[in-house]
Protein chains: 2
Amino acid sequence: MVTIKEIAELANVSRGTVDRVIHERGNYSEATEKKVREVLKKVDYKPNIIARSLVLKKHITFGVFLPEPHQDEKYWELPEQGIKKAEKELEMYKVKIVYFHCNKNSKVSFKKCFDKILKKKSKLDGLLIAPAMLEFTRKEFIKKIPDEIPYVFFDSYVPNSKCISYIGQNSVQSGSLSAKLMKLLIREQGTVSIIRMVPKDYHIDDRIKSFSASFKKNKKIKIKVYEINGTTFNKLLKNVFDENPDLKGIFVPSAGAGRIAEYIKSKKIKRNVRIIGYDLTTRNKSFLSKGTIDFLLSQRPEIQGYEGIMTLFRHVVLKEKVKKEQIIPIDILTKENLKNY
Amino acid sequence: MVTIKEIAELANVSRGTVDRVIHERGNYSEATEKKVREVLKKVDYKPNIIARSLVLKKHITFGVFLPEPHQDEKYWELPEQGIKKAEKELEMYKVKIVYFHCNKNSKVSFKKCFDKILKKKSKLDGLLIAPAMLEFTRKEFIKKIPDEIPYVFFDSYVPNSKCISYIGQNSVQSGSLSAKLMKLLIREQGTVSIIRMVPKDYHIDDRIKSFSASFKKNKKIKIKVYEINGTTFNKLLKNVFDENPDLKGIFVPSAGAGRIAEYIKSKKIKRNVRIIGYDLTTRNKSFLSKGTIDFLLSQRPEIQGYEGIMTLFRHVVLKEKVKKEQIIPIDILTKENLKNY
DNA sequence: AATATAAACGTGCTCGTGCACATTTTTTTA
DNA sequence: TAAAAAAATGTGCACGAGCACGTTTATATT
């Protein structure tokens, strides 16, 4: 490991000058800059972050922009757990995290929230964004982020943006995986209904599309999509069960499978319906272990949050090159392997 | 964050004295020790490892005792990857790792290897042990480890030892999970054979036992256990296929599923046999993506290695309390979710 | 009691970096 | 050309912990 002192000696200048060049603080001539940069390149200087964070007075601040934790069946608690874990680990490097929670269903709250980010006096050193309102994020938010603030997406993704990385999931893959599992679960003829409880979300779209596509050639099973749209949850569920006497399975492409399991339990429905859902919310876990839900898929939202912050850290603090895309593997959860998760 | 300087002031002594008490370096009276320890406890002092690793001259050295990477179908490469990842991350904290590879099937190599550890001049600050030869480790190795060297087990486990932690897997759970998946795969009557390719390993025993037990009540499927014992692999496989015209599935409780898939490919066997195996070795991955293998289970050996080193680090360097048992979740891998692993 | 010895405690330097301030060199202005 | 202003460069301290060495007390020895 080469130190600033050694570089100073090699370039025949003082430590301060090397420091100024490295941080582009000005007050050096072109000639010395060239000299120093050459040495810097030659020895492939990497700052000792240990020493740096020891001396640093001000904090590195990362902003996190994501929906309120309780939304989507408390789904958003999960990435936040990972973010908190990263926060704790990076505390000693003087990294601080500021949370900006918004109501993902209210444009007003969304706008307010991101106005808060833009108007923050003490500047942010990076942003982690879950672009829940995708269209809005794409059209307005992204463009207004100052150029000098690097940002990372997780959960969803705005194409053609200048984000330094995207931590995400492969929804097409997870849809076809769900279909495979559903086929294994259902041996007889019958109907499988897809229950959509979240509006406007391209992950959900992809999961549904890919799930349905896998059943195209399958003549034994009929796929029917239900949406919570202008009706209540209870009425919808009643319809699903009433309209399909041969209902064999339910696929919930969002975190809401537990709600359906709860409906089945409360209405004391005794029909043998297989359920595949997403995400390890508390309720989902409970019904998975009881056997009401057969499979849960998860693309580790806590890891997504964790890696999001870590990616910002690697880029901003360590100045390392980060991967443009980091796809989290899909986990399959059953009653049998739920323990220890 | 409280510093040594502040503690010194609170206890009315100098920084040096606090330092001596913390590291039990002697040269302090009982009275001052008590005084300092009280303050230490009161403020819940946590040393700043940033400052420490900056000033530390000597390295912290952890020894890793595990089978040669190529053994067990290259299974042992996997935990080593995780260990290497931890090594890289901890480099800046002046942590170094020394590898002691042994041939897990040779008692002589085993003995030689652990003699090397015990006779090492520069003392080790911790040990990560994969007790492949369980009996031997239990009876001889453990007892000879000096009391001051903390050790962590991974992969397997010696009961009633003084290890600070065990990173491991739940083989009983994974056995019954395999059985569940096998039941989903096989709808008709037939035979499922378990092929045992690894001798003397209680993980394998547990997987087999638990898998078999799950089929006890199942009258449609017959379970038959085959062992590579006194015969060659090819002869064994020939027997499996010849003796069971109704063979529907093969369960490989070790990393050897790929070898069986290769046999099927090379002999051009066209029978529809479902295969469930363990571990993401290169060959296994390749046959999983081709569809020859239906499911692979994995208890992330790379995470086990990684967490093993991290646990030693947390205990030795950070002086944190570590969990006595850390069970790694069971992953289910299929063609559909293999990508991005 | 005076000296020797050991136990107890304090001080100062080190690690590599960031930053404020001091100093030197160059350029501009009167 | 001397003085003032600006640009360029150098220096010293801080961060928190570890450790060597120096200094002060307490105990043992003559």
Side-chain angles (χ1 to χ4, degrees), chain A residues 1-37 39-40 43-61 90-96 125 316-319, chain B residues 1-37 39-40 43-61 91-95 125 313 316-320:
Chain A
M1 277 283 179
V2 189
T3 71
I4 283 193
K5 200 181 149 195
E6 292 170 300
I7 287 168
E9 280 160 14
L10 286 168
N12 254 336
V13 290
S14 73
R15 287 165 30 236
T17 303
V18 176
D19 185 74
R20 271 184 288 267
V21 172
I22 288 174
H23 296 94
E24 299 180 29
R25 262 196 273 276
N27 290 327
Y28 46 81
S29 69
E30 276 180 42
T32 41
E33 174 171 11
K34 205 185 149 198
K35 218 168 31 173
V36 171
R37 287 214 186 279
V39 178
L40 239 33
V43 301
D44 189 29
Y45 172 73
K46 291 259 161 30
N48 183 331
I49 58 152
I50 294 286
R52 169 185 295 166
S53 47
L54 183 62
V55 76
L56 229 56
K57 275 183 173 41
K58 66 166 202 292
H59 279 258
I60 306 275
T61 312
L90 298 180
E91 193 194 349
M92 54 180 171
Y93 296 109
K94 300 233 164 66
V95 171
K96 219 176 62 185
D125 300 289
V316 175
V317 180
L318 305 186
K319 310 247 187 253
Chain B
M1 276 281 181
V2 189
T3 70
I4 283 196
K5 199 180 148 196
E6 291 170 300
I7 287 168
E9 280 160 15
L10 286 168
N12 253 337
V13 289
S14 73
R15 288 163 30 234
T17 305
V18 177
D19 184 75
R20 273 184 287 266
V21 172
I22 288 174
H23 296 94
E24 299 181 29
R25 263 196 273 272
N27 291 327
Y28 45 81
S29 69
E30 277 179 42
T32 42
E33 174 172 12
K34 207 187 146 197
K35 221 170 22 173
V36 171
R37 286 212 185 279
V39 179
L40 240 33
V43 301
D44 188 30
Y45 172 73
K46 292 260 163 27
N48 183 329
I49 54 156
I50 294 286
R52 170 187 293 164
S53 46
L54 185 62
V55 75
L56 226 59
K57 278 183 174 41
K58 68 169 199 294
H59 279 259
I60 308 273
T61 312
E91 193 193 350
M92 56 179 170
Y93 297 111
K94 300 231 163 68
V95 171
D125 299 289
F313 177 71
V316 174
V317 180
L318 306 185
K319 311 251 186 249
E320 285 176 5

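Per chain, numbering begins at 1; letters A, B, ... match sequence-line order. Quick caveat: nothing in here was measured; it's all calculated off a predicted structure.
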From CD1 of A:Ile22 across to P of C:dT17 the rounded distance in Å is 8 Å

Start with the C-alpha distance between A:Ile49 and A:Leu318, add both sets of side-chain angles, then the distance that settles side-chain contact (heavy atoms from CB on, under 4.5 Å), and finish with yes or no. CA-CA 7 Å; A:Ile49 58 152; A:Leu318 305 186; 3.3 Å; yes

Look at atom CD of B:Glu9 and say whether more than 12 heavy atoms of other residues, nucleotides or ligands are closer to it than 6.0 Å. yes

To the nearest angstrom, how far is B:Leu54 atom CG from C:dG18 atom C1'? 13 Å

d(A:Lys58 NZ, A:Lys94 NZ) to nearest 0.5 Å is 11.0 Å

For residues 27-37 of chain B, which residues have at least one heavy atom under 4.0 Å from DNA chain D? none

Taking everything shown except A:Met1 itself, do over 12 heavy atoms lie less than 6.0 Å from its CE? no

Axis bend over the full length of the helix from C:dA1-D:dT30 to C:dA30-D:dT1, computed from five pairs that close each end, to 10 degrees: 60°

Between C:dA20 (C1') and A:Arg25 (CZ): distance, integer Å: 10 Å

Please lay out, stage by stage, how B:Asp19 and B:Arg25 fare under the test side-chain contact (heavy atoms from CB on, under 4.5 Å). CA-CA 8 Å; B:Asp19 184 75; B:Arg25 263 196 273 272; 2.5 Å; yes

The criterion is ring-ring contact (aromatic ring centres under 6.0 Å, His included); which residues satisfy it with B:Tyr28, sequence neighbours excluded? none

For B:Val18 versus B:Ala8, what's the shortest heavy-atom pair and its separation? CG2-CA, 3.6 Å

Assign each of B:Gly26 and A:Ile4 to its nearest nucleotide of DNA chain C by heavy atoms, then name whichever residue's nucleotide is nearer the 5' end. B:Gly26

Over how many whole Å does the gap from B:Lys5 atom NZ to C:dG10 atom C1' extend? 15 Å

Heavy atoms, side chains only, cut-off 4.5 Å: are A:Tyr93 and A:Ile60 in contact? no

State which residues pass salt bridge (Lys or Arg N to Asp or Glu O under 4.0 Å) with B:Asp125; sequence neighbours excluded, sorted by chain then number. none

If every non-hydrogen atom of B:Thr3 is compared with every non-hydrogen atom of B:Tyr45, which pair is closest and at what distance? C-CE1, 4.3 Å

For the pair made of CD in A:Glu6 and C1' in C:dT17, what is the distance, rounded to whole Å? 13 Å

Check each of B:Thr32, B:Val36, B:Asn27, B:Val13 against B:Arg20 using the side-chain contact (heavy atoms from CB on, under 4.5 Å) test, and report the only one that passes. B:Asn27

What is the first contacted nucleotide of DNA chain D and what is the last, in 5' to 3' order, if contact means an atom lying under 4.0 angstrom from a heavy atom of chain A? D:dA8 to D:dG16

On a heavy-atom basis, the closest approach of A:Arg15 and A:Lys5 is CG-CA, 4.0 Å

I'd like a table of atom pairs between the protein and nucleotides 11-13 of chain C - only N or O on both sides, under 3.5 Å - with the distance next to each one.
residue: C:dG12; atom: O6; partner: B:Arg15; partner atom: NH2; Å: 2.6
residue: C:dC13; atom: N4; partner: B:Arg15; partner atom: NH2; Å: 3.4

How close or far is atom P of C:dC15 from atom NE2 of B:His59, stated in whole angstroms? 15 Å

List the atom of B:Glu6, the atom of B:Val2, and the distance in Å for their closest heavy-atom pair. OE1-CA, 3.4 Å

Pairwise side-chain contact, B:Val95 with B:Val316, heavy-atom cut-off 4.5 Å (strictly under): no

Please classify the nucleic acid contact of B:Asn48 as base, sugar-phosphate, or nothing, using heavy-atom distances under 4.0 Å. sugar-phosphate

Does A:Asn12 or B:Val2 map to a spot on DNA chain D nearer the 5' end, using the closest nucleotide for each? A:Asn12

